[in-house]
Amino acid sequence: MDTPSYFPVPPGVGMEDNFLSLDDILLSQERLPVRTECVFPRLGFLEKSSDSQDIQEGTKMELPLWLCKGLYEKKRKVLSVELPKIYKEGWRTVFTADPNVVDLHKMGPYYYGLGSQMLHFDGPENPDIAKTLLQTFIGRFRRTMDSSQNAYNEDTSVLVGRLDFLEKVLFKSGQSGLNGFQGWEKGQAAQLTASSLVLNYRKRKIVDVQS
């Protein structure tokens, strides 16, 4: 039997990230609007709209998340990170009213992951962002899972196309469980097997006991 060349590594949770995860690597490439708080010598070539050799203080530009996290310092301000529009008050109001109407893939597609990473940067709106992320996830979770359980052997491309990356993983997990159960009911499976989530949880418990 062929051995797969890559075993998927799950992404980190919340503000943590896992650099062995392809999903977290892709998330780290998301670009954020920033404002420079000092001069960046000899880096003017990064700002295509300027002919200056340096990036001047007060320049507005976009940088990938990984670079923003590397340059950001609380005490010595190198740059300030601005909120992407989907996390601003106007959109938070929309999510509070009805989170199911929003096409998160179009706005994201890493709405929850990027929102959690934004908490690395100190800002007065951080508590509201965290609250909205949680409420949005709760508000959309039941519909996502209900849809995954009621779409057996159906085309779900339109539905899945509106989901955030995390929601797509949950949807796929729900459908996988449904397909497995349907197969077992029809006698196409010899026995029910434990979910990978359960197996991973057991492994963590064993490690905790041994340590």
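All values reported here derive from a predicted model rather than from experimental measurement. In what follows, residues are counted from 1 in the order of the sequence shown.
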Nearest 0.5 Å, what's the OG-CG distance between Ser147 and Leu159?
-> 4.5 Å
Heavy atoms, side chains only, cut-off 4.5 Å: are Thr144 and Asp146 in contact?
-> no
Any side-chain heavy-atom pair of Asp164 and Arg140 under 4.5 Å = no
For Arg143, look at atom CZ and say whether over 12 heavy atoms of other residues, nucleotides or ligands are found less than 6.0 Å away.
-> no
Measure the spacing between CD1 of Ile86 and NZ of Lys106 and express it to the nearest 0.5 Å.
-> 11.5 Å
Does the side chain to side chain donor-acceptor pair (under 3.5 Å) test come out yes or no for Glu37 and Ser80, once each step is laid out?
-> CA-CA 7 Å; Glu37 301 293 343; Ser80 56; 2.9 Å; yes
Heavy atoms, side chains only, cut-off 4.5 Å: are Glu167 and Tyr111 in contact?
-> no
Can you check whether Val34 reaches Glu62 side chain to side chain, under 4.5 Å on heavy atoms?
-> no
Within a radius of less than 6.0 Å around CG of Asp98, do more than 12 heavy atoms belonging to other residues, nucleotides or ligands occur?
-> yes
Shortest non-hydrogen contact between Leu133 and Tyr112, atoms and distance | O-CE2, 3.7 Å
Between CG of Leu27 and CG of Leu22, what distance do you get to the nearest 0.5 Å?
-> 12.5 Å
Heavy-atom donor-acceptor pair, Thr59 side chain to Ile55 backbone, under 3.5 Å | no
Quick one: are Tyr110 and Leu26 in side-chain contact, heavy atoms under 4.5 Å?
-> yes
Give a yes or no on whether the backbone of Leu170 and the side-chain of Ser173 come within a donor-acceptor separation of less than 3.5 Å.
-> no
Heavy-atom side-chain proximity of Tyr72 to Val78 below 4.5 angstrom | no
Shortest non-hydrogen contact from Lys69 toward Phe121 | CG-CZ, 3.8 Å
Verify ring pair (Phe, Tyr, Trp, His ring centres under 6.0 Å) between Tyr87 and Phe95, making sure each step is shown before the conclusion.
-> CA-CA 10 Å; Tyr87 302 110; Phe95 284 116; 8.3 Å; no
Steps toward side-chain contact (heavy atoms from CB on, under 4.5 Å) verdict (Lys60, Glu82) = CA-CA 10 Å; Lys60 291 188 175 183; Glu82 300 179 6; 3.7 Å; yes
Which residues satisfy the salt bridge (charged side-chain N to carboxylate O under 4.0 Å, His left out) test with Lys74, sequence neighbours excluded?
-> Asp122
Please check if Phe141 and Met107 belong to a single hydrophobic cluster, counting links between Ile, Leu, Val, Met, Phe, Trp and Tyr side chain heavy atoms closer than 4.5 Å.
-> yes
Thr36 side chain to Gln56 backbone, donor-acceptor under 3.5 Å = yes
Look only at the side chain of Arg162 and the backbone of Leu104, and say whether a donor-acceptor pair between them is shorter than 3.5 Å.
-> no
Would one find more than 12 heavy atoms of other residues, nucleotides or ligands at under 6.0 Å from atom CD of Glu125?
-> yes
Please identify each residue that fulfils side chain to side chain contact (heavy atoms under 4.5 Å, CB included) with Asn126, with sequence neighbours left out.
-> Leu119, Ile129
Looking only at non-hydrogen atoms, find the nearest pair between Gly174 and Ser148 and report the distance.
-> CA-OG, 3.7 Å
So, does Asp54 use its side chain to make a donor-acceptor pair with the main chain of Gly44 at under 3.5 Å?
-> no
Distance (rounded to the nearest 0.5 Å) between Met145 CE and Phe171 CZ | 9.0 Å
Sub-4.5 Å side-chain heavy-atom contact between Leu63 and Cys68 = yes
In short, Glu30 meets Gly108 closest at the heavy-atom pair OE1-O, 3.9 Å
hydrophobic_cluster_shared for Phe45 and Leu71, side chain cutoff 4.5 Å = yes
From NZ (Lys88) to OG1 (Thr93), nearest 0.5 Å | 13.5 Å
Flag side-chain contact, heavy atom, 4.5 Å: Trp66 against Gln117 | no
Could you grab the distance from atom CE of Met118 to atom CG of Leu32, nearest 0.5 Å is fine?
-> 5.0 Å
Taking only residues at least two apart or on different chains, which pairs with a member in residues 129-139 satisfy side-chain hydrogen bond (donor to acceptor under 3.5 Å, both in side chains)?
-> none
